[in-house]
Amino acid sequence: MKISFTINGKQETGEVEPRTLLVEFIRYELGLTGTHVGCDTSQCGACTIHMNGRSVKACTLLAAQADGQDITTIEGVAPADGPLHPMQEAFRDNHGLQCGFCTPGMIMSALAMVERHNGEALDEQTIREELEGNLCRCTGYQGIVKAIEAGSKAMQGAPDVQF
Amino acid sequence: MYNFKYKKVSSLDEAQQAFDAADDGTFMAGGMTLIPTMKQRLAMPSDVIDLGGIDGLSGISVDGGTVTVGAMTCHADVAASEGVQKAIPALAHLASLIGDPQVRNRGTIGGSIANNDPASDYPGALVGLSATVHTTKKKIAADDFFTDLFETALEEGELITKVTFPAPKIAAYRKFPNPASRYSVVGAFVAKTKDGIRVAITGAGPTVFRVSEMEQALTSSFNADAISNISVPADNLNGDLHATAEYRAHLIGVMVKRAISDCG
Ligand SMILES: Cc1cc2nc3c(=O)[nH]c(=O)nc-3n(C[C@H](O)[C@H](O)[C@H](O)COP(=O)(O)OP(=O)(O)OC[C@H]3O[C@@H](n4cnc5c(N)ncnc54)[C@H](O)[C@@H]3O)c2cc1C
Ligand code: FES
Ligand code: FES
């Protein structure tokens, strides 16, 4: 079947089987390999992307369900050769990653969190509660929580940053 | 997962026709249970009928003392709804405790109650508030809807369209979540409704149930001490790697007491 959607501002069209997962289409057909598959069982959040501005797990969506929708992946949060998004920068500054496998999902969840709270700076408790859907096997989360706190603050001073 | 035919429908009639035409069709809401089940090959439908394109199946309205939630409304929307937060704060709170933000962005009330996972939260609110499930064939009281483990009063091809909740005088939901999945090990929904007190327990048994002994005790005296001497026998409760039946029986008392204190 044919599907077509907007991803990172670009219109894409493709031919998929009904059982093709959205994450498979994004990684293998579109070559956007920033979206990871950690568990494939809806638990780890490494595959988190935004669909119509909301965070979702791309391993638990059929590509067919994304037909006509607006998708953003980690590749879409900052220009390829430009400066990092303030949230990405905050992960770098605050030791928010070790191996980096969970990071794209963490950042997509963090941006959705800021969005849900109308762009306000986030406190530790909110971050810990709302990070429920993302697992990290390396950091012990301290650096990630600090990074999101700092990232949400940095976004205050950057009004034209998206999300 | 095995392959299947996929069809996105745009009306209830079209959904029904697609279901009738299929060998072994299934409806899909957000797919939050259906897709994992198909990946494990525990479900192998010939046709998946996506309800995502039907206008009017999602949305919340509050009218007088009734909150209406469309079947395709996701948990995040119920949790964030100012109308629900005002009319039945316990319902918004319950929705905010389901899974994680990504699950709440996709999972729906219709999919959750049609599936009737024993560890799911919504059955507690439906029975605790004496809600009504509206389908393409009938209206059915929550007390009669959840029949057994993963079983409901829905017939083949019958679609849930919405759920109506009468606003209680006061209500609260407390759950002991599984620390990994957040599904409830035990959840207790306590409500003072206009027809009396309700205590609905989810997570603990094969399906949601009421504890009439606690309801009676709370009718005479609405405070946590009133149920101190009431215990639910472990005999028919679930025991699994997460918790034994005896531990669940104990948690019922604890969660009900906490919910009563939340009622203030
Ligand atoms: C990681 C994770 C954690 C979770 N944690 C919790 C939790 O803590 N508490 C909790 O309660 N739940 C939890 N869930 C379940 C989640 O809340 C979803 O509501 C549930 O999975 C149903 O998903 P869905 O609405 O997308 O339905 P689907 O998966 O699309 O459908 C589920 C079933 O319902 C049927 N169905 C769907 N809509 C209708 C309808 N309108 N009429 C008739 N039949 C219909 C489908 O045919 C299918 O059989 C969790 C899920 C995941 C993946
Ligand atoms: S890969 Fe999707 S949640 Fe783990
Ligand atoms: S940094 Fe390795 S999994 Fe999170």
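This structure is a prediction, so every number in the text was calculated from the model and none was measured. Numbers restart at 1 for each chain; the letters A, B, ... are given by sequence-line order, proteins then strands.
Looking at S10(B) and E14(B), their side chains do bring a donor and an acceptor atom within 3.5 Å of each other.
When each of G30(B), A80(B), S181(B), A180(B) is scored by its heavy-atom pairs under 4.5 Å with chain A, the top score falls to G30(B).
At least one donor-acceptor pair under 3.5 Å links the side chain of H50(A) to the backbone N or O of M108(A). Between the side chain of N134(A) and the backbone N or O of G105(A) there is at least one donor-acceptor pair closer than 3.5 Å. Under a 3.5 Å cut-off, the side chain of Q85(B) and the backbone N or O of A79(B) do form a donor-acceptor pair.
Sorted by first and then second residue, the pairs that involve residues 96-134 of chain A and meet ring-ring contact (aromatic ring centres under 6.0 Å, His included), not counting sequence neighbours, are H36(A)-F101(A).
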Could you go through R54(A) and D77(B), starting from their C-alpha distance and side-chain angles, then the distance that decides it, and tell me whether this counts as salt bridge (Lys or Arg N to Asp or Glu O under 4.0 Å)? CA-CA 11 Å; R54(A) 289 180 169 213; D77(B) 287 353; 2.4 Å; yes

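Within residues 46-54 of chain B, the residues having any heavy atom closer than 4.5 Å to a heavy atom of chain A are D50(B), listed by residue number.
Heavy atoms closer than 4.5 Å to chain B are found in both the backbone and the side chain of L62(A). M28(B) touches chain A through its side chain: at least one heavy atom from C-beta onward sits under 4.5 Å away, while N, CA, C and O do not. Looking at S109(A), only its side chain comes within 4.5 Å of chain B, counting heavy atoms on both sides. Looking at M51(A), only its side chain comes within 4.5 Å of chain B, counting heavy atoms on both sides. Both the backbone and the side chain of L61(A) come within contact range of chain B, with heavy atoms under 4.5 Å apart.
Comment: D40(A) does not engage K57(A) in a salt bridge, judged by the lack of any side-chain N to carboxylate O separation of less than 4.0 angstrom.
Two rings, from Y122(B) and H75(B), have their centers less than 6.0 Å apart.
Considering N8(A), T33(A), T48(A) in turn, N8(A) is the only one that fulfils the side chain to side chain donor-acceptor pair (under 3.5 Å) rule with T73(A).
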